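The structure under discussion appears below in the form of structure tokens.
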Amino acid sequence: MPISEQRGRRPSPSGAAVATPVHSRLTVLSGPSGVGKSTVVAELSRTCPQIWISVSVTTRHPRPGELDGREYHFVDNDEFDRLVASGALLEWARFAGNRYGTPREPLNSKLEAGVPCLLEIDLAGARQVKRAEPDARLIFLAPPSWDELVRRLTGRGTEPAAVLERRLAVARDELAAADEFEVTLVNTSVQDVCRQLVALIDNSCLRKAERGRHSGPPSRRRHHKPADRRTP
Ligand code: 5GP
């Protein structure tokens with residue numbers, strides 16, 4: 001059974017509980033490197049903690065400030081091979097010389113529990129998820145302009161020139177793929193995009209945030225990923 005069609009209960013006309021699919025829909029956020037996906041996801045994690053955000057596995061080395069198990073599970077090539085061979089990854093892709101993948105098991109258990117789930121992955125990964133889970137909702141995060149994307153990528157200053165070149169080449173291809181996505185959100189403001197994203201995934205926390213504004217400041221919560229993870 002697809003992971004998006006898990007069983008739940010609803011009352012029948014006679015009052016007895018009958019099984020019915022609980023549509024805890026899987027959402028995939030993709031878009032070019034540097035567009036601000038991780039900043040949007042960090043904001044989403046802060047404002048809407050009931051949306052579960054998958055932590056990927058990667059062979060990339062941690063950047064300063066990144067923690068194993070928080071931004072990524074950092075593994076070596078042998079471990080990544082093992083995960084692929086054992087089918088532990090829902091999808092995986094190469095990106096700018098490293099490999100990245102989505103662990104299958106934690107995602108499945110969250111979806112089975114009816115929790116709305118979000119993956120933040122590259123285009124190749126998004127295509128694989130769509131093939132495996134046709135009900136998954138694919139959302140494309142676009143930059144306000146190409147120049148702005150280049151500025152964001154170069155402004156980060158964490159990558160050597162060759163890596164940056166590769167990322168820009170990939171970004172060019174990724175921008176051309178926006179048509180494959182159900183929804184495109186333009187990242188003009190992190191808060192606006194986050195609100196639109198939440199409205200698509202789980203409206204209930206928008207209502208909670210609204211109530212919170214009237215009843216005092218929201219509780220502070222650690223970001224799932226720091227705002228500087230992959231953004232300017
Ligand atoms: P970074 O190295 O900047 O953290 O991430 C590079 C790219 O890998 C980003 O576009 C990010 O969305 C993508 N990525 C992160 N995790 C995954 C994953 O699990 N699968 C795939 N296919 N891409 C991922």
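What you see is a predicted model, and the numbers here were worked out from it, not measured in a lab. One-based numbering, in listed order, for ligands and for the atoms of each.
- For the residue pair Arg99 and Thr59, no side-chain donor N or O sits within less than 3.5 Å of a side-chain acceptor on the partner.
- Residue contacts with ligand 1 leave out Ala124, since none of its heavy atoms falls under 4.0 Å from the ligand.
- In summary, Arg127 and Glu174 do not engage in a salt bridge, as defined by a charged side-chain N under 4.0 Å from a carboxylate O.
- Residues in residues 102-131 take part in no ring-ring contact (aromatic ring centres under 6.0 Å, His included) pair, two or more places apart or across chains.
- The side-chain heavy atoms of Arg82 and Asp78, taken from C-beta on, include no pair separated by under 4.5 Å.
- Using a 4.0 Å cut-off between heavy atoms, Gln128 makes no contact with ligand 1 at all.
- Residue-ligand proximity, Gly125 to ligand 1, at heavy-atom distances under 4.0 Å covers atoms 22 (N).
- Residue Tyr100 places at least one N or O, backbone or side chain, under 3.5 Å from an N or O of ligand 1.
- The pair Arg60-Glu66 meets the salt-bridge criterion, with a side-chain N (NZ, NE, NH1 or NH2) lying under 4.0 Å from an Asp/Glu carboxylate O.
- Residue Phe95 touches ligand 1 through its side chain alone, judged by heavy-atom distances below 4.0 Å.
- Neither the backbone nor the side chain of Glu71 has any atom closer than 4.0 Å to an atom of ligand 1 (non-hydrogen atoms only).
- Each of the atoms 22 (N) of ligand 1 lies under 4.0 Å from some heavy atom of Ala93.
- Put simply, no part of Glu174 is less than 4.0 Å from ligand 1, judged by heavy atoms.
- At a 4.0 Å heavy-atom cut-off, ligand 1 touches Arg63 through the side chain alone.
- Closest approach of Arg152 to Val35, counting heavy atoms only: NH1-O, 2.7 Å.
- Taking Ile, Leu, Val, Met, Phe, Trp and Tyr as hydrophobic and joining them when side-chain heavy atoms fall under 4.5 Å apart, one finds Val75 in a cluster with Val57, Phe80, Leu83, Val84, Leu89, Trp92.
- Contacts with ligand 1 closer than 4.0 Å are made by no heavy atom of Arg94, backbone or side chain.
- Distance alone, capped at 3.5 Å, is enough to place a donor-acceptor pair between the Arg104 side chain and the Gly87 backbone.
- Closest to atom 22 (N) of ligand 1 by heavy atom, among Asp122, Val163, Val129, Val41, is Asp122.
- Checking His73, Glu66, Arg60, Lys37 against atom 12 (O) of ligand 1, the nearest heavy atom belongs to Lys37.
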